[in-house]
Enquirer: 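Once you've had a glance at the structure underneath, I'll fire off some questions.
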Amino acid sequence: MTDLNVTQARLFEGVWEGMLTGVSDDRPPEDAPPSIEVTHRRTTLPGVEVIASEGREGWLLRVPVPPQTLSDGVQTYLIRDAQSGRNLASFAILAGDVLGDDIRAEVALLRDELELLKRAFRQHCLETM
């Protein structure tokens, strides 16, 4: 039984970081870090580090994001316990022009909602005077 949890911390300088907590029955008892595997499109990423966290329970998980995995759209990375095969978490990176349309549509929607609120507020002010 695996009871590992991953909490995202940040993406900084091309390295995704998170906290790994919990226990794995498949893990040796001598506090060895769990064996973690990160994949992108079914390809295992190199350089994944599981480092004992000083002063806190758990481990720091560091995943270098290879530049060749980045492209337009959404890129999803899957984090799993290599011993049990259980999926622990995932993270996604969004990039490119595909986002431009989404952001522009969202801003346009926010502007429309703001105009509605302004009109309703002005009407309310006129009615209560």
Side-chain angles (χ1 to χ4, degrees):
M1 172 74 180
T2 300
D3 205 14
L4 294 171
N5 296 305
V6 176
T7 306
Q8 179 173 342
R10 66 182 183 162
L11 175 66
F12 183 70
E13 294 182 349
V15 178
W16 183 92
E17 294 180 347
M19 285 302 299
L20 182 63
T21 57
V23 294
S24 172
D25 292 341
D26 301 333
R27 187 169 49 89
E30 62 272 357
D31 287 332
S35 179
I36 299 298
E37 179 178 75
V38 180
T39 59
H40 173 262
R41 295 186 177 176
R42 297 187 190 127
T43 302
T44 302
L45 301 183
V48 174
E49 297 176 290
V50 180
I51 304 165
S53 179
E54 292 181 26
R56 287 194 279 181
E57 231 177 88
W59 298 270
L60 174 65
L61 177 60
R62 293 178 43 89
V63 181
V65 178
Q68 62 271 19
T69 64
L70 299 175
S71 61
D72 285 350
V74 179
Q75 303 303 317
T76 304
Y77 302 83
L78 184 62
I79 302 168
R80 51 187 232 141
D81 183 341
Q83 302 238 327
S84 70
R86 179 176 167 252
N87 292 338
L88 302 175
S90 65
F91 64 94
I93 299 177
L94 293 80
D97 275 343
V98 73
L99 296 178
D101 293 336
D102 290 343
I103 290 171
R104 283 188 286 273
E106 196 67 31
V107 168
L109 183 61
L110 287 171
R111 283 183 180 150
D112 291 343
E113 290 175 358
L114 182 60
E115 282 301 315
L116 274 171
L117 287 172
K118 284 174 21 182
R119 272 187 250 134
F121 180 72
R122 287 180 187 139
Q123 185 65 34
H124 171 73
C125 289
L126 288 174
E127 291 173 358
T128 58
M129 287 182 101

Enquirer: At what distance, to the nearest 0.5 angstrom, does CG of D72 lie from CG of L94?
Expert: 11.0 Å
Enquirer: Under a 4.5 Å side-chain heavy-atom rule over Ile, Leu, Val, Met, Phe, Trp and Tyr, are I79 and M19 clustered together?
Expert: no
Enquirer: Rounded to the nearest 0.5 Å, how far apart are CZ of R86 and CG of D3?
Expert: 7.0 Å
Enquirer: Count I, L, V, M, F, W, Y as connected when their side-chain heavy atoms are under 4.5 Å apart, and connections chain through other members. Are V65 and L78 then in the same cluster?
Expert: no
Enquirer: Is the number of heavy atoms from other residues, nucleotides or ligands under 6.0 Å of E57 CD greater than 12?
Expert: no
Enquirer: Show the nearest heavy-atom pair for residues S90 and T76, with the distance to one decimal.
Expert: CB-CG2, 4.3 Å
Enquirer: Side chains of I36 and L88, heavy atoms from C-beta outward: is any pair under 4.5 Å?
Expert: yes
Enquirer: To check you understand the geometry: which heavy-atom pair defines the closest contact between L45 and P64, and what is its length?
Expert: CD1-O, 4.3 Å
Enquirer: To check you understand the geometry: which heavy-atom pair defines the closest contact between I51 and R62, and what is its length?
Expert: CD1-CD, 3.7 Å
Enquirer: Is there a path from L70 to L11 through hydrophobic residues (I, L, V, M, F, W, Y) whose side chains come within less than 4.5 Å of each other?
Expert: yes
Enquirer: Is any side-chain heavy atom of Q75 closer than 4.5 Å to one of T69?
Expert: no
Enquirer: Quick one: closest heavy-atom pair of W59 and G22, and the distance?
Expert: CZ3-O, 3.6 Å
Enquirer: Please, which pairs that meet salt bridge (charged side-chain N to carboxylate O under 4.0 Å, His left out) have at least one residue in residues 114-123, sequence neighbours excluded?
Expert: E115-K118
Enquirer: Between atom OG of S53 and atom CG of L61, what is the distance when rounded to the nearest 0.5 Å?
Expert: 12.0 Å
Enquirer: Same cluster or not: Y77 versus V50, using hydrophobic residues (I, L, V, M, F, W, Y) connected whenever any side-chain heavy atoms lie under 4.5 Å apart?
Expert: yes
Enquirer: Are the side chain of R80 and the backbone N or O of T39 linked by a donor-acceptor pair below 3.5 Å?
Expert: no
Enquirer: If you measure from OG1 on T21 to CG on L4, what distance do you get to the nearest 0.5 Å?
Expert: 7.5 Å
Enquirer: State, with a plain yes or no, whether a side-chain heavy atom of F91 is found less than 4.5 Å away from one of V63.
Expert: yes
Enquirer: To the nearest 0.5 Å, tell me how far E106 CD sits from L109 CG.
Expert: 5.5 Å
